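Predicted, not measured: the structure shown is a model, and the values here were computed from it.
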Amino acid sequence: LNRLPNLKNFLKGDGGAITYRNVEISFIRGRKAIMIILKNGEEVETIELSEYETEEDMHQLFQEKGFEKLSEEEVQKMLAANVSNKEQKEGRERRETAREEHRKTIKEHRTENGEGIKEKRDASENRGEF
């Protein structure tokens, strides 16, 4: 997609494919960008999207294939939900990073004070006490 900036913007941007009802986008690294049109769960058509040069061409394609545009309100709700999900994910990642740094600091502190060595020794002494 990096060699096709208009297609990339249409597929990943706020004003492209996500503005249409019943459109799902899956990114598969190393594969060509194709649109698979399903009817009643059956594949009826496959279209290579790299043939469409502008975002306007892609919008026209989607409309010709019968995809209905979402209202502006629906688009804004969806974008807000996507931002919220992204923020939640980033928050979880930040908390996990902070936990890992905290564990590392504790481990380093224990090692510097010989506590880690003592804990290992204590654990080895307890192996036979069942």
Side-chain angles (χ1 to χ4, degrees):
L1 283 180
N2 289 332
R3 288 180 274 141
L4 303 165
N6 289 333
L7 176 58
K8 182 178 182 177
N9 194 46
F10 182 79
L11 295 175
K12 292 187 171 190
D14 294 346
I18 67 164
T19 64
Y20 291 91
R21 198 173 306 284
N22 298 321
V23 172
E24 293 180 24
I25 300 173
S26 299
F27 294 97
I28 303 171
R29 183 180 220 125
R31 296 287 181 98
K32 291 182 179 181
I34 60 170
M35 175 167 58
I36 301 172
I37 300 176
L38 305 174
K39 187 170 187 174
N40 299 323
E42 298 286 326
E43 184 177 320
V44 294
E45 189 173 3
T46 301
I47 300 167
E48 192 169 323
L49 295 176
S50 61
E51 296 176 10
Y52 297 85
E53 295 182 10
T54 67
E55 290 184 53
E56 291 77 24
D57 291 341
M58 289 175 245
H59 280 289
Q60 184 176 352
L61 170 67
F62 273 60
Q63 290 166 5
E64 287 173 359
K65 295 302 176 183
F67 289 97
E68 180 185 346
K69 285 206 58 124
L70 298 171
S71 70
E72 185 62 32
E73 182 180 326
E74 290 172 308
V75 171
Q76 292 306 318
K77 282 182 183 178
M78 187 172 48
L79 291 173
N82 287 344
V83 167
S84 177
N85 290 340
K86 184 179 178 183
E87 288 172 347
Q88 289 175 6
K89 181 181 177 185
E90 289 171 352
R92 283 192 301 271
E93 291 171 350
R94 280 193 304 272
R95 286 190 299 276
E96 184 59 32
T97 299
R99 281 190 210 106
E100 288 298 320
E101 289 174 3
H102 180 70
R103 288 183 194 119
K104 183 179 176 183
T105 301
I106 289 173
K107 185 176 179 179
E108 289 171 356
H109 175 74
R110 286 181 175 169
T111 302
E112 289 172 3
N113 294 325
E115 295 174 28
I117 296 168
K118 181 182 177 196
E119 288 175 0
K120 288 180 184 175
R121 193 175 328 112
D122 290 345
S124 66
E125 291 172 3
N126 292 335
R127 285 188 186 148
E129 297 178 11
F130 290 107

Practice item. Step through the shown structure and confirm whether more than 12 heavy atoms of other residues, nucleotides or ligands are within 6.0 Å of CD on E24. Key: no
**Study point:** Neighbour count >12 (heavy atoms, 6.0 Å) for atom CZ, R31
**Key:** no
Practice item. Indicate whether the side chain of S71 and that of E73 have a donor and an acceptor atom separated by less than 3.5 Å. Key: no
Revision key, fill the gap. Output for pair (Q60 CD, T54 OG1), nearest 0.5 Å, gives 8.5 Å
Review point. When rounded to the nearest 0.5 angstrom, what distance separates CD in E56 from NE2 in H59?
Key: 7.0 Å
Exercise for review: Check the hydrophobic clustering (I, L, V, M, F, W, Y; side-chain heavy atoms under 4.5 Å; chains of links allowed) and say if V44 and V23 are grouped together.
Suggested key: yes
Study note, to complete from the structure: With F67 as partner, the option from K69, K65, E64 fulfilling side-chain contact (heavy atoms from CB on, under 4.5 Å) is K65
Check your understanding: Do the ring planes of F62 and F10 sit parallel (below 30°), tilted (30 to 60°) or perpendicular (above 60°)?
Key -> perpendicular
Exercise for review: Measure across L61 and L49 and return the closest heavy-atom pair with its distance rounded to 0.1 Å.
Suggested key: CD2-CD2, 3.7 Å
Practice item. Starting at CE of M35, measure out to CD1 of I25 and round the result to the nearest 0.5 Å. Key: 10.5 Å
Point to revise | Nearest-0.5 Å distance, CG of residue L7 to CD of residue E55 | key: 9.0 Å
**Study point:** Separation between CD of E48 and CD1 of I34, rounded to the nearest 0.5 Å
**Key:** 8.0 Å
Point to revise | Q76, CD: over 12 other non-hydrogen atoms inside 6.0 angstrom | key: yes
Exercise for review: Find out if a path of hydrophobic residues (ILVMFWY) with successive side-chain heavy-atom gaps under 4.5 Å connects F27 to I47.
Suggested key: yes
**Study point:** Residue pair L11 / M58, side-chain heavy-atom distance below 4.5 Å
**Key:** no
**Study point:** Hydrophobic cluster identity match, I37 and Y20, side-chain contacts under 4.5 Å
**Key:** yes
**Study point:** From L4 atom CG to N9 atom CG, the distance as rounded to the nearest 0.5 Å
**Key:** 12.0 Å
Check your understanding: Salt-bridged, E100 to K104, with N to O below 4.0 Å?
Key -> no
Point to revise | D57 vs N6 side-chain heavy atoms within contact, under 4.5 Å | key: no
